[in-house]
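As structure tokens, the structure follows; a few thoughts come after it.
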Amino acid sequence: MIILTFCTCIVGCVYYIFSNESRSHSFAAFVIGAFLGVLSCIVLTFFSFSALESTTSILAETFRIFLKYFAIPLLISLPLYFLFSFSLSEEVYLQVPSMILGLFSILFVAAVFSYRLEPESFRAEILLLLMFSVVFLSELLLKLTPLVSFMPQTVAVLLALLLLIVLSFPLCIILGTYYFYNNRILTFLLSAILLALLAVPQRVFAVFK
């Protein structure tokens, strides 16, 4: 199952990059994201989540997942990505999802190793689905920023990315709930439906655009 999960991650990354209109820029952003993922993993070693792991609260487990795999890495990587890009142009904004995908790819590999002693890899599979959901959510939010015409684009993008981090928390409830109730069918269905709702409409729109 671990091998299948890795293959799913690779296929998903390749599909996303090559389905992007600016493939070269998308791949460059992915590479930057992967580098920032390694940096985030190093930074995360200085944080202790033991207090959240020792509790029996769904909220605490959800908060641990949110901090470890979404909030802290995104707060570290997004400013550095714009710094490395030396630009705040629209092209840089549009490649943020690819950067996040590269970031999550490294975080996912680290998560798989942390789950390697568990008898099954289901938690890693659900984490992968949630990460892809956040990538497509970031793409959706950034595409909506031009509609906010009453504020500068940079401010609109910043608010969209902050909203992305905030919305990542309710997504983590799916995995946090599974940790205590072990309902694999419901957990998988919720994760798959969420990913489909975020990904399919955007790809259909891109085909007929």
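Side-chain atoms are counted along with the backbone in the values below, which use heavy atoms only and exclude waters and symmetry mates.
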Please tell me whether [X] and [Y] are part of a single hydrophobic cluster in this structure, the criterion being side-chain heavy atoms less than 4.5 Å apart.
X	Y	answer
I76	F84	yes
L161	L144	yes
F66	L163	yes
L142	V166	no
F35	I42	no

Go through the steps for L164 and V134 under the test side-chain contact (heavy atoms from CB on, under 4.5 Å), then give the verdict. CA-CA 8 Å; L164 172 69; V134 172; 3.7 Å; yes
Does the side chain of [Y] come within less than 4.5 Å of [X]'s, by heavy atoms?
X	Y	value
F132	L198	no
Y69	S168	no
L74	L103	yes
T187	L175	no
L107	L44	yes
V155	P152	yes

Less than 6.0 Å separating the ring centroids of F122 and Y178?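 Distance test on ring centres: under 6.0 Å, yes.
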Between F70 and F104, ring centroids under 6.0 Å: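 Centroid distance F70-F104: below 6.0 Å, so yes.
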Using the side-chain contact (heavy atoms from CB on, under 4.5 Å) definition, which of the options I32, L39, L36 pairs with S77?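 Of all the options given, the one that passes is L36.
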Can you see which heavy atom on [X] is nearest to which on [Y], and at what distance?
X	Y	value
V135	P97	CG1-O, 3.7 Å
N183	L186	OD1-N, 3.1 Å
T145	A156	CG2-O, 3.7 Å
C172	I65	SG-CG2, 4.0 Å
F108	A124	CE1-O, 3.2 Å

At what distance, to the nearest 0.5 angstrom, does [atom1] of [X] lie from [atom2] of [Y]?
X	Y	atom1	atom2	value
S191	L128	OG	CG	10.0 Å
L80	L75	CG	CG	11.0 Å
T62	L171	OG1	CG	11.0 Å
M131	F136	CE	CZ	15.0 Å
L197	L140	CG	CG	11.0 Å
L130	L137	CG	CG	11.5 Å

Does a salt bridge link E61 with K68, judged by any charged N lying under 4.0 Å from a carboxylate O?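 Salt bridge: no.
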Around I185, counting heavy atoms of other residues, nucleotides and ligands shown, do more than 12 lie under 6.0 Å from its CD1?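 Incorrect, the count does not exceed 12.
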Tell me whether the count of non-hydrogen atoms from other residues, nucleotides or ligands lying under 6.0 Å of CZ in F188 goes above 12.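 Check fails, neighbour count at 12 or below.
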Using side-chain contact (heavy atoms from CB on, under 4.5 Å), reason through I106 and C41 one step at a time and then give a plain yes or no. CA-CA 8 Å; I106 301 300; C41 288; 4.1 Å; yes
T154 and Y93: side-chain donor and acceptor closer than 3.5 Å?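 There is such a pair (donor and acceptor under 3.5 Å, judged by atom type) between the side chains of T154 and Y93.
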Trace of the side-chain contact (heavy atoms from CB on, under 4.5 Å) decision for I165 with F169: CA-CA 7 Å; I165 296 175; F169 181 78; over 6 Å; no
